[in-house]
S.K.: 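Questions regarding the structure given below will be posed in turn.
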Amino acid sequence: MPALRMRDVRFRHDGSSSWALDGVSVNVEEGEFVAVLGPNGAGKSTFCLLCNGLAPHAVGGVVEGSIEVFGLDVSKRSVPEMSASVGMVFQEPESQLFCMSVEEEVAFGPENLGVPRAEIADRVEWALEQVGLKGFNERPPATLSGGQKQRAAIAAAISMRPRMLVLDEPAYALDPVGRVELYSLLRGLVEKHGVTVIVAEREAEDVAPVCDRMVLLRKGRIARDGPPRELLREPDLLVGAGVSPPQLSELAARLRKRVRGADLSFFTLEEAEREISEKVLSRPGGR
Amino acid sequence: MTGFMDFYTPGSTFLHRMDPRVKILAVVLLSLLAFILSQLLYLLVLFAFIFLLLYLARVSFGKAVFALKFLFRFMALVVVLWPLFDPVGTPVLFELGILKVTLPAIERGVAAALRIGCLATVWYILMFTTQQRDLVHALVRMGLRFDFGLALAIALRFIPTFSYTIEAIKDAQRARGMELEKGGLLRRSRNYVAVLLPAIVSAIRTADTLSLTLQSRAYGARRDRTYLRELRMRRSDFVALSVAVALFVLPAVAKYILAVTI
Amino acid sequence: MVSVRNLRYVYEGGIEALKNINLDIASGEYMALVGGNGSGKTTLAKHFNGLLRPTGGKVFIMGRPAAEMSVAELSRIVGYAFQNPDHQLFCSTVEEEIAFGPRNLGFAEVQTKERVGYAAETLELEDVLEKPPASMDLGTRRRVSIASVIAMDPKVLILDEPTTGLDADETKALMGIVSGLNREGRTVVLITHEMKLVSEHANRVVVMLDGRIVLDSDARGAFSDLELLKRCSLLPPPVTCLAHRLSHLGVSREVLSTDELVFELTRPGGDRR
């Protein structure tokens, strides 16, 4: 059973004349880390909101097509019902933390689900540990840094033990170091706990190294869908879709053109270093 | 950033450890008691008792002074002004035209000041020794609907953030040449709109995301939600509760049933 | 244009956000002010237009002490575009929004109209002058906010994280406009933590850490000390990191862009070692 199954999904916000999503079909398997990439207005947020029913139940609009999450028809279920399977994290950490302490925040979800007290305590500890905020129980959210706030928001979502976590531009308010930490945290969740993660982003730089699959969204439609290594062999694809590709992929593509015969496909700094020293710089004669 | 009206000072006094429900009840009873008592002597005793509690709460001197500075000034003001507006009673101590200062009036003024002092101080003690979230939690346990408790908690949590946003907006508009203090009425109103509107929009945006977040965390999924924090009454809490009730009931009975003047 | 001498700033509450800052910004420079959270970069920038006044030391704007001028007066010389445009937008049309600044400064209507026209043209907003800013997307709102600052004709333009929330195309468009403003002669101070942006646009980089300036050099020099950048919670562009790693093979460390690295790697050898 796929974690997410969308068939010909179209969505139009109330009051809008255009379709935010215009015929999207995609399958996400359990345990996959999928990056939904696209420029502003491509439909990424709408995509995220559809995963747990916030669209159309909270954000008014018209849905067409079918959306199934772990076999459940999202349109037939309320958001609170879906929240046990799908955790949601938004861009702005500040407006997702409304309790007076981190502990209350992380306990809120399970409390609402009626989880027994002792288990809530366990889940809170577990969630805080997963996001690296162990010991932060009593801290008021206002005293946390941007990165810590976002991690608290993630903890608050995973304490409900959802099988899928959807994040809409979670790195928005973070500095570059914070972004790297966030994505490695998410990768850890996928690998250690088999959580399916779907992230919406405007840029590929931070998410490409950690995701299993990139889905390019352009004007409400899927332009390309495939593993990052495959898509990034042609960075112009991303550029054409309005998404900035990782710098190293751009470099690889340009070098492939300039250096005849060199099959460069590096992705990370380590690979780049190795491939370039082997294939580019050690070439005899002209380079 | 401290919370809005957040006077809590951490500590481990018996007042800190007391069940917040008992504290709330005790504070309400003591406040009512201040109104039941009318004899200056008894009011002074109550006042002293409350100050003893304040001392036992081990609040730092600086914080206490800060909180009480305004209170004492206000109390002094009441004592001075009361007799000027209450010319009833004998003996008259001083007369000048329509101004008639009588001894009973002074006594009533002092009594009123003491009542205000008792009330304010006892509520301060509550805030000094109880975390806001415990207060809200106690209210919910005592019967306040969870929705209202949550709304209260959210409001308290966001007020400092909101005032921070307003400062940022003021800065942004000042950088565009807006001078809040200057200008005629029309200009100033326009300037306030320049601060208020973005502030309201910001608040609405936050509320929007907040509402989506609440739903995503299953808010409202079941009527019987569980609570991580437990409030359990211990023996010391029952003792404190009995003391507070006794302190209230005995004088009340004396005054209203036995018609003793207190 | 902007001179800072022994600037010290302490927040209410005792935190020393700026410790002995000395800085001179010349007219026409395109300076990047970078640093992690809490480094003091925004605190410093707010001294340039008087939003914050020094606890110690002095700030001079165009030779005059900033202390002598009010925020409104300083806003004629130093424009500050904040990170969140929604903190500034409140009017019912873009035109009114842009006119707000000049009107506050007492410009005559004729002059205001002229300034609005200029700002709208520069920020490519001519088509939406009659529309409400609230109904537009983030990229456009940010341009409106910058236009409303430019309309006051400041000689110095401070931009606080102007590309937050913008996608690739929007970023390119906006930074192009900013470069244009710099070419016109305006001094630009770009506060950012996106080192890629810095490498592409700034000709001077000032790095701050814990309230002090720890590096002040041209763009190339700034990227030569990766350790320092790391300590400041800054990530140099991947190509620069790669160049450093390959430096033992003769690749120049001072690589700022993909173009440069490609050139470095494919230029004829021999002169490499």
Side-chain angles (χ1 to χ4, degrees), chain A residues 37-42 44 91-92 145-147 169 172-180 201-206 235 238-239 241-255 257-259 262 264 266 268-274 276-277 279-287, chain C residues 34-39 83-84 137-140 161 163-172 192-197 199 229-251 255 257-270 272-273:
Chain A
L37 298 167
N40 287 336
K44 307 185 295 293
Q91 294 179 350
E92 203 48 71
S145 73
E169 295 196 45
Y172 183 92
L174 305 184
D175 63 25
V177 173
R179 294 204 285 262
V180 170
E201 269 293 353
R202 269 171 292 119
E203 295 181 349
E205 187 82 57
D206 302 302
L238 271 73
V239 175
V243 177
S244 56
Q247 239 190 1
L248 290 180
S249 305
E250 269 187 311
L251 181 67
R254 302 263 293 273
L255 285 175
K257 288 197 194 116
R258 289 287 293 269
V259 182
L264 299 163
F266 51 77
T268 63
L269 270 176
E270 288 73 25
E271 291 174 9
E273 191 183 350
R274 197 170 18 93
I276 290 180
S277 38
K279 299 175 187 176
V280 178
L281 294 175
S282 52
R283 286 167 76 87
R287 282 153 174 77
Chain C
V34 302
N37 284 334
S39 56
Q83 181 172 7
N84 188 347
D137 62 64
L138 178 65
T140 316
E161 305 283 1
T163 59
T164 312
L166 300 186
D167 60 43
D169 296 331
E170 291 167 341
T171 302
K172 194 145 164 252
T192 185
H193 50 223
E194 303 294 335
M195 297 313 275
K196 231 200 292 187
L197 223 57
S199 66
L229 292 178
K230 222 197 315 186
R231 264 190 295 140
C232 299
S233 312
L234 296 170
L235 287 182
V239 292
T240 311
C241 292
L242 186 56
H244 276 249
R245 283 181 180 230
L246 295 170
S247 58
H248 67 280
L249 294 173
V251 173
V255 157
S257 68
T258 318
D259 281 338
E260 290 182 11
L261 187 55
V262 170
F263 178 73
E264 258 303 288
L265 293 173
T266 56
R267 64 186 164 88
R272 196 175 294 283
R273 310 237 175 257

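Just so we're on the same page: letters track the sequence lines, and every chain starts at 1.
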S.K.: So which heavy atom on C/T266 is nearest to which on A/R258, and how close?
M.R.: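 Closest heavy-atom pair between C/T266 and A/R258: OG1-NH2, 3.0 Å.
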S.K.: Locate the shortest heavy-atom distance separating C/L166 from A/R202; write the atom from each residue and the value.
M.R.: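 Taking every non-hydrogen atom into account, O-NH1, 2.8 Å.
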S.K.: Run the side chain to side chain contact (heavy atoms under 4.5 Å, CB included) test on C/N37 and A/D175 for me, step by step, so that the C-alpha distance in whole Å, both residues' side-chain angles and the decisive distance to 0.1 Å come before the verdict.
M.R.: CA-CA 8 Å; C/N37 284 334; A/D175 63 25; 3.6 Å; yes
S.K.: Can you tell which part of A/E273 gets under 4.5 Å to a heavy atom of chain C, answering side chain, backbone, both or neither?
M.R.: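 For A/E273, backbone and side chain are both near chain C.
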S.K.: List the atom of C/P238, the atom of A/L269, and the distance in Å for their closest heavy-atom pair.
M.R.: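 Looks like O-CD2, 3.7 Å.
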S.K.: Please round to the nearest 0.5 Å and tell me the distance separating atom CG of C/L265 and atom CZ of A/R254.
M.R.: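 Reported value, rounded in 0.5 Å steps: 11.0 Å.
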S.K.: Only one of A/L37, A/N40, A/V243 passes side chain to side chain contact (heavy atoms under 4.5 Å, CB included) with C/D167; say which it is.
M.R.: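 Only one of A/L37, A/N40, A/V243 forms a side chain to side chain contact (heavy atoms under 4.5 Å, CB included) with C/D167, namely A/N40.
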S.K.: Give, as side chain, backbone, both or neither, the part of A/E205 having an atom under 4.5 angstrom from any heavy atom of chain C.
M.R.: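 Side chain only.
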S.K.: Ignoring hydrogens, what is the shortest heavy-atom contact between C/S233 and A/V177? Give both atom names and the distance.
M.R.: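 Closest approach of C/S233 to A/V177: O-CG2, 3.2 Å.
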S.K.: For C/K196, is it the side chain, the backbone, both or neither that has a heavy atom under 4.5 Å from a heavy atom of chain A?
M.R.: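 For C/K196, side-chain heavy atoms alone lie under 4.5 Å from chain A.
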S.K.: Locate the shortest heavy-atom distance separating C/P237 from A/Q247; write the atom from each residue and the value.
M.R.: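 So the minimum-distance heavy-atom pair works out to CB-OE1, 3.5 Å.
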S.K.: For A/S249, give me all partners under side-chain contact (heavy atoms from CB on, under 4.5 Å), at least two apart in sequence or on another chain.
M.R.: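 Listed in chain order: A/L232, A/P235, A/P246.
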S.K.: Heavy-atom distance under 4.5 Å to chain A: side chain of C/E170, backbone, both or neither?
M.R.: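 Side chain only.
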S.K.: List for me each residue that meets salt bridge (Lys or Arg N to Asp or Glu O under 4.0 Å) alongside A/D206, sequence neighbours excluded, and say none if there are none.
M.R.: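 Applying salt bridge (Lys or Arg N to Asp or Glu O under 4.0 Å) to A/D206 gives A/R179.
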S.K.: Relative to chain C, which of A/S244, A/A42, A/P39 shows the most heavy atom pairs under 4.5 Å?
M.R.: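 Max contact count across the listed options: A/P39.
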S.K.: Going by heavy atoms in the side chains, are C/L242 and A/I276 under 4.5 Å from each other?
M.R.: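 The answer is yes, as the side chains (C-beta and beyond) meet within the 4.5 Å cut-off.
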